[in-house]
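These figures come from a predicted structure and were not determined experimentally.
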Amino acid sequence: MLSTQFTPLEEAENMRKIILKDYGGKVEFVPTEAAGFASRVQAEGKSGSGKVDVVGGLIGDLAPQAKYLKDLSSFKKDLASANIPEAYWELGKLGTDKQLCIPWINATLVMAVNKQALQYLPAQFDVNNLTLDQFITWMSEMQAKTDQRKLGFAAGNSGLIHRYFQGNLLPSYTKAVNTQFASDAAVAAWEKFRELWKFVNPQSTTYNFMQDPLQSGEVWVAIDHVARIKDAVVNKPDDFVVVPIPSGPKGRSYMAILGCVGVMSSSSNADASAELIKYLLKPATGAATLKSNGFYPPGAVELPDDLSPGLKLISAGVDRQRSSKDSFGTLIPAGLGAKGGDYNTVWRDTFTAIVLQNRDIKETLADQKPKLQKVLTEAAAPCWFPDPPSGDTPCQVG
């Protein structure tokens, strides 16, 4: 099994020793970065032979490799107990009329809050239903009373702050991602984030996983991927609450980070591959994946009674975010293939120029716009939700 997911050493070992422990057959789990994944799948797919049987990754990792994957449409009836939403099944078709990958894991970004921060929340605000303006007011109040900047973002070299911009900040102001990248509404979004940054711990540019500064108390409030706050909340469940990310004028946007698994057309182990996929979608395996690596099953399944209090907190926060009346899901960037890193670099460079270097927002967006278009055009990546569909043509940056 070749996978772009669970690449950190600890997560990879959890996959091998915990998640796959009760699978009856022998599986060699090989985690790899997106570029290496793409080149190996293409090489084996084109040659018609190779060692890779099952592939796992985000929708965007597998979509460019659709021609090398088997049709798994017959699996759907066997996986009814996984309660996978129809929208996720549709995404697993990778733009075709065949079921080329099966939804496997699901994640998003949420906000973890140390209970010490709640004493500074204005009484009229609901921590589970904050607007970005209210959030700024709260963080301002907390800094004034503590003389410390206790808000954190994962803005280090391997942090996921760019996912916040792509899936939360910009869509909550524009109801789009690429097609409104340089719009007036996008300017307003960046103005608001620059205002928020005044209350962010300056060490945030070194943070990659927010669970570490949360556990140490260096920050009290953090927005990050559920798997990257997990240890803090699991280790100190009495200290935290997990709540939805603040909303903007267009609603409470959240990124639906969906991973799926497929079978290589060049695989000679079709039966074993099918059994592995069915095993990965069992409720017990989903629970093990959640416990060890912090990713949720793709569908609504009953969580085990022995789930830790911390994971229950995270699960409740995810549910509240998804079910908020103004919430809408946005997809993780898709169809970029080996250009995924270049795409993220544009967003991170935009953040650096606007927020860290205090450059003019409108000029910065105008400067970055053709760079973003170049990535999308070279990847031949069509638009993904919430941008309107662009068919077979590359998404056009607006």
Side-chain angles (χ1 to χ4, degrees), residues 108-154 161 164-165 167-173 185 188-204 207 210-211 213-226 229-230 232-255 309-329 355:
T108 191
L109 280 69
V110 290
M111 185 159 71
V113 178
N114 189 308
K115 291 178 181 177
Q116 294 183 76
L118 296 176
Q119 62 187 300
Y120 306 108
L121 181 72
Q124 68 271 29
F125 294 171
D126 177 0
V127 73
N128 288 302
N129 191 29
L130 290 169
T131 66
L132 194 50
D133 283 323
Q134 290 173 338
F135 186 49
I136 291 171
T137 299
W138 176 23
M139 294 299 98
S140 174
E141 181 75 8
M142 188 164 70
Q143 180 174 320
K145 294 290 177 61
T146 64
D147 198 30
Q148 296 181 75
R149 295 161 70 174
K150 305 289 277 187
L151 169 62
F153 281 88
I161 192 170
Y164 170 75
F165 303 138
N168 300 101
L169 178 68
L170 202 73
S172 73
Y173 272 75
W190 282 107
E191 285 175 344
K192 194 61 65 175
F193 188 77
R194 189 155 66 183
E195 185 180 350
L196 177 65
W197 193 260
K198 292 185 294 185
F199 311 111
V200 170
N201 190 304
Q203 290 300 311
S204 286
Y207 297 153
M210 289 313 302
Q211 59 198 14
L214 282 168
Q215 285 193 94
S216 69
E218 195 168 315
V219 303
W220 283 351
V221 180
I223 292 175
D224 203 358
H225 190 291
V226 288
I229 64 164
K230 178 177 75 74
V233 182
V234 167
N235 292 339
K236 298 182 176 181
D238 294 335
D239 291 358
F240 294 99
V241 293
V242 179
V243 301
I245 289 176
S247 64
K250 295 291 186 180
R252 194 177 312 277
S253 173
Y254 66 93
M255 182 174 276
L311 285 175
K312 288 179 180 177
L313 282 174
I314 296 173
S315 180
V318 170
D319 287 343
R320 277 193 293 268
Q321 180 165 275
R322 188 169 47 202
S323 60
S324 294
K325 62 181 180 180
D326 60 346
S327 287
F328 62 95
V355 180

At what distance, to the nearest 0.5 angstrom, does CG of Asn129 lie from CZ of Arg252? 5.0 Å
Of Tyr164, Phe199, Tyr207, the one forming a ring pair (Phe, Tyr, Trp, His ring centres under 6.0 Å) with Phe153 is Tyr164
Residues in salt bridge (charged side-chain N to carboxylate O under 4.0 Å, His left out) contact with Arg322, at least two apart in sequence or another chain: Asp319
So how far is it from Glu218 CD to Met210 CE, rounded to the nearest 0.5 Å? 8.5 Å
Partners passing salt bridge (charged side-chain N to carboxylate O under 4.0 Å, His left out) against Lys192 (at least two apart in sequence or in another chain): Asp133, Glu195
Less than 6.0 Å separating the ring centroids of Trp190 and Phe165? yes
Does Leu118 reach the side chain of Trp138, with side-chain heavy atoms less than 4.5 Å apart? yes
Going from CD1 on Ile229 to CZ on Phe240, what distance comes out if it is rounded to the nearest 0.5 angstrom? 9.0 Å
Between the OH atom in Tyr254 and the OG atom in Ser172, the distance rounded to the nearest 0.5 Å is 14.0 Å
Do Pro246 and Ile223 have side chains that approach each other closer than 4.5 Å (heavy atoms only, starting at C-beta)? yes
Shortest non-hydrogen contact from Gly217 to Lys150? O-NZ, 2.7 Å
With sequence neighbours excluded, tell me which residues meet side chain to side chain contact (heavy atoms under 4.5 Å, CB included) with Lys325. none
